Amino acid sequence: MSKDKFYITTPLYYVNSSPHIGHSYTNIAADCLARYMRLNLGKENVRFLTGTDEHGQKIQKAADASGLSAQDFTDKIVVQFKELWSGLNVTYDDFIRTTEKRHVDFVQRSIQILFDKGDIAEGKYEGWYCTPCETFWLDAQVSDKACPDCKRALERISETNYFFKLSKYQEWLVKYIESEKDFIRPVSRYNEVLSFLKNNRLADLCISRPKQRLNWGIELPFSKDHVIYVWFDALLNYISAVGQFDERGKYTSKWWPASLHLMAKDILRQHAVYWPIMLKALDIQMPKTVFAHGWWMMGESKMSKSLGNVISPVEMAGKYGIDTFRYFLLRDMPFGLDGTFSEEALVKRFNSDLANDLGNLVYRTLTMAEKYFDSVVPAVSEKPKAREIQIREKLDGLPEVISLELCPETNYNFSACLERIWELIAMANKYVEEVKPWSLAKENKAEELKGFIRLLVDVIRGVALSLRPFMPQTAESILEQAGTDKINKGKPLFPRIDTKSADK
RNA sequence: CGCGGGGUGGAGCAGCCUGGUAGCUCGCAAGGCUCAUAACCUUGAGGUCGUCAGUUCAAAUCUGACCCCCGCAACCA
């Protein structure tokens, strides 16, 4: 990517069920980066794409189960996703659905190009099929010719399908990954993919499904009897949304190549193996970075609908506030690793970090400005003390520190950014004890008091500016209260949650 | 011998790559202060860094073996 443009994507979410905390996590992280880049590069130089993946058998089945047509069903779920994003202040620039014409046309064109150049060919697909479940199983997944799902007898079938020649590009991909250290992040994932590619021979990817089994999909342009495999269809969204092929099949785009494809670790394979090979075959540039983050675990176990431990992001944001939810997700687990979600942990973070540290600093600062200087922000001190100089250095250095943490090399470390900001907050809280402004007031040391209050106001302004990508509402609120020469104090930002009485 | 992550004071984690006083947050105890949301500040208690062996002057950190926990099929980032 060029350094003055930033194109970030999230996965296209599969709409066979409602959105949950994992979807929120990916999109909040993406939103944070998009907001950050907009502030630095200008709004017009940032593109943030999200959307939904709507084809395939699981969706067909989910639609059947709810008694709706596939189109009506997906229309309904898409609304839930869009509402969630606006409910979490996720500011995407474009939302693509794989059922949209712009995407369908693009996918058909792409696959025709690959077919014409010989990278897609007809072949036989053999495997096991469970008629009641309407599910295909590979040899490796099956034992005793029984369906892993329903345990009923499987049928051996062989059908005509189309295959994408992944193996043709395997060597190229290994070399490419080896030459581009930023291509897959974090490093543990980079090593994982590379060793996978070195130790396994890629099988050619079956990219079609016979219509007799499944017709909810994009039709193959060269076979009326087949639709396109969902992954092959879905991955193309990253380029279908921002560009097009000319007559000669050359892809042009204002935004491509993407700066960052963000996803969870479970779909890294598709993005780090299939996708680059698809692009290479289409003669299109590689994205700069593919980043796989970790999973949120629920207490001891994995999040699971059957265990009933799925957290509703809407409920969390509604109960504790959007910014609290964003803060918790971005702060509590290092980006790239797995973490544990619990409401108790969230409340703890709320009370200690947001109420006690940040909220209290803002509130006490504004109260003093109000009380000592009638809400007029005083001038910067002319003879700052050593400690004040130190705090100002930390404050001035914050943007640089954050920029170093929000890049592929440091794994887009949101948590570290927030830690750095909170270090400044802690310094300011300590400094209040050191200076004892209440004593200065009693002793009529107005000059000293002025410089001190101004320092605190500058700190909370700086904190607010740095927080904009992470906690947009909070940042705005602080700037509304303290952004101008006249303080406009409001209510405490994060009223402490009383856990002691709630426990019993 | 399928793959991967992890076992560090009461809880949750960092440190391990690039060996050398074991650090952070929360909780707990004592004290201070009053501008502030029973908030803030200071100090303190508390750890044989999963087990065993090896390398080394020196190991949480490197090597080997072993034990235990959790993900990797499904709904699913």
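What you see is a predicted model; the values in this text were computed from it and never measured. Order of the sequence lines sets the chain letters (A, B, ...), proteins ahead of strands, with each chain counted from 1.
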Whether A/K288 engages the ring of A/F183 as a cation-pi pair (distance to the six-membered ring centre under 6.0 angstrom, angle to the ring normal within 45°) should be assessed. no
Answer with base, sugar-phosphate or nothing: what part of the nucleic acid does [X] contact at a heavy-atom distance below 4.0 Å?
| X | result |
| --- | --- |
| A/K58 | sugar-phosphate |
| A/L493 | base |
| A/Y25 | nothing |
| A/D357 | sugar-phosphate |
| A/P495 | base |
| A/Y13 | sugar-phosphate |

Has the side chain of A/E423 got a donor or acceptor that lies under 3.5 Å from a partner of the other kind on the base of B/C24? no
Could you check whether the side chain of A/N360 and the base of B/A39 have a donor-acceptor pair of N or O atoms closer than 3.5 Å, going by distance alone? no
What is the distance, to the nearest angstrom, from the [atom1] atom on [X] to the [atom2] atom on [N]?
| X | N | atom1 | atom2 | value |
| --- | --- | --- | --- | --- |
| A/E344 | B/C26 | CD | P | 17 Å |
| A/H20 | B/A74 | NE2 | P | 14 Å |
| A/Q57 | B/A74 | CD | C1' | 14 Å |

Pair A/R454 + A/D458, salt bridge at N-O below 4.0 Å: yes
In this structure, OG1 of A/T484 is separated from CG of A/N488 (nearest 0.5 Å) by 7.5 Å
Need to verify one output field. Residue with the more 5' nearest nucleotide on RNA chain B, A/S439 or A/R331? A/R331
Before we go on, tell me: are the rings of A/W296 and A/Y25 under 6.0 Å apart, centre to centre? yes
In this structure, is the centre-to-centre distance between the rings of A/H261 and A/F291 below 6.0 Å? no
Is there a side-chain contact between [X] and the phosphate of [N], meaning an N or O under 4.0 Å from OP1 or OP2?
| X | N | answer |
| --- | --- | --- |
| A/K491 | B/U37 | no |
| A/N356 | B/C40 | yes |
| A/W438 | B/U34 | yes |

Of the listed nucleotides B/A77, B/C35, B/A39, the one nearest the side chain of A/R496: B/A39
